[in-house]
Amino acid sequence: MIKVRGLTKTFRGRGNTVQAVNGVDLDVAEGEIVGFLGPNGAGKTTTLRMLSTLLRPTSGEAMVAGCDLLDDPAGVRLRIGYVGQGNGAGADQRVGEELITQARLYGMTRAAARQRVDELLTRYELQGMAGRTVRTLSGGQRRRLDIVMGVLHRPPLVFLDEPSAALDPQSRSNLWQHISSLRDEHGSTIFLTTHYLDEVDALCERILVIDGGRIITEGTPDGLKGEISGDLVTLEPADPAAAAASAEQLPGAREVTVDGATVSFRVSHGDTAAPELMRTLEAAGNPVRAVQIKRPTLDDVFLTLTGRSLRDADANPEPGQGE
Ligand SMILES: Nc1ncnc2c1ncn2[C@@H]1O[C@H](COP(=O)(O)OP(=O)(O)OP(=O)(O)O)[C@@H](O)[C@H]1O
Ligand SMILES: [Mg+2]
């Protein structure tokens, strides 16, 4: 559904040049829900805007929804939905009129447009809102309206830029259900940017992590946590030094440390490695009093890869981001 090679975007201003996207390669298969994750200023929005034809790449090539991004941007536009970081609908517009106008722009007859709009307002829990002006909607309703605008023409591929930013936890999980059902009921491919790690865990089957305009890793959320950071296993054995020596022998065990009465180490699959080690220790007359297995977060993964925390980056948003 998406195939990108060597995509770059350089912004040249007076006296300063920003290499916002720096040689991105990525592939997304039909029907996947892929999360594009990275700190502020990493190049997520710039990549998304290029892939949705809103911004011309400096170099590189891409096939998007079966069309060549550079040769056939109109074809791409017909086959994608784009839900931007800001709000799509004009604040003073009436919800129903705005949607019908939009649907007519896609070539629907007035009757077909009305029917499609009614259907979507119901599906996205916006029934009864058609006569309201956009500014009177709550944050969550407004974000759902943005999605309705993005999917009016039944695009097979939907780009969402930080869909749940600034929503309360309940509205966010409600939105995630709507996004999942886009794929589950309509087979849509979803490519979304986020820096919410819970959003990734709840929604994304695969993630791409971008930092400084480059993809630094990709994989399934669980796979990356296991392979890159590993589970942190902490044991309280009768003889910590002997237990540490046994832990060193476990395949894939790393960072084995003894701290007083406890031994800790990292391993890809703590849930199988810890019982195995405990059986070995038990048989050697070194019983374990307590065990704890801590799954890493995606922030741990980012920290392992870059030495920085995604959260630190979030706390210092760059000026001039977005539009
Ligand atoms: N129109 C522009 N002119 C100059 N620089 C830009 C422009 N748009 C983006 N940038 C810069 O490009 C870099 C990447 O920005 P981008 O908006 O893609 O980041 P992002 O990953 O979406 O960040 P955020 O999480 O804050 O939304 C930043 O350094 C940004 O300041
Ligand atoms: Mg952005």
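Order of listing sets the numbers, starting from 1, for every ligand and every atom in it. Model, not experiment: these values are computed from the prediction.
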Sub-4.5 Å side-chain heavy-atom contact between Asp300 and Phe302: no

Please say whether Gly41 places an N or O atom under 3.5 Å from an N or O atom belonging to ligand 1. yes

With a 4.0 Å cut-off on heavy atoms, is Gly43 in contact with ligand 1? yes

Should Gln85 be listed as contacting ligand 1, given a heavy-atom distance under 4.0 Å as the test? yes

Any Leu137 side-chain heavy atom under 4.5 Å of Met129 side chain: yes

Any nitrogen or oxygen of Gly38, side chain or backbone, less than 3.5 Å from one on ligand 1? no

Could you tell me the angle subtended at the Mg ion (ligand 2) by OE1 of Gln85 and OG1 of Thr45, rounded to 10°? 80°

Report the part of Val18 (side chain from C-beta onward, or backbone N, CA, C, O) that has a heavy atom under 4.0 Å from ligand 1; answer both or neither where that applies. side chain

Flag Thr47 as yes when one of its N or O atoms lies below 3.5 Å from any N or O atom of ligand 1, and as no otherwise. no

I need the Arg79 CZ to Asp72 CG distance, nearest 0.5 Å. 7.0 Å

So for Arg49, does at least one of its heavy atoms come nearer than 4.0 angstrom to any atom of ligand 1? no

Under 3.5 Å, which donor-acceptor pairs do the side chains of residues 159-171 form with other protein atoms, sequence neighbours left out?
from: Asp161; atom 1: OD1; to: Thr193; atom 2: OG1; distance (Å): 2.5
from: Asp161; atom 1: OD2; to: Thr45; atom 2: OG1; distance (Å): 2.7
from: Glu162; atom 1: OE2; to: Gln85; atom 2: NE2; distance (Å): 3.2
from: Glu162; atom 1: OE2; to: His195; atom 2: NE2; distance (Å): 3.1
from: Ser164; atom 1: OG; to: Arg172; atom 2: NE; distance (Å): 3.4
from: Ser164; atom 1: OG; to: Glu199; atom 2: OE1; distance (Å): 2.3
from: Asp168; atom 1: OD1; to: Gln170; atom 2: N; distance (Å): 3.1
from: Asp168; atom 1: OD1; to: Ser171; atom 2: N; distance (Å): 2.9
from: Asp168; atom 1: OD1; to: Ser171; atom 2: OG; distance (Å): 3.1
from: Asp168; atom 1: OD2; to: Ser171; atom 2: OG; distance (Å): 2.9

Under 4.0 Å to a heavy atom of Thr45 - the qualifying atoms of ligand 1, by number: 17 (O), 18 (O), 20 (P), 22 (O), 27 (O)

Could you give the distance from CG (Leu70) to CE (Met63), rounded to the nearest 0.5 Å? 10.5 Å

Below 4.0 angstrom from a heavy atom of Ala42, which ligand 1 atoms are there? Numbered from 1 as shown, please. 19 (O), 20 (P), 21 (O)

N, O or S atom of Thr193 closer to the Mg ion (ligand 2) than 2.8 Å: no

Between Asp299 and Ser309, is any side-chain donor less than 3.5 angstrom from a side-chain acceptor? yes

With sequence neighbours excluded, tell me which residues meet side chain to side chain donor-acceptor pair (under 3.5 Å) with Glu32. Arg206

With a cut-off of 2.8 Å, does Asn40 put an N/O/S atom close enough to the Mg ion (ligand 2)? no

Is Glu98 salt-bridged to Arg94, cutoff N-O under 4.0 Å? no

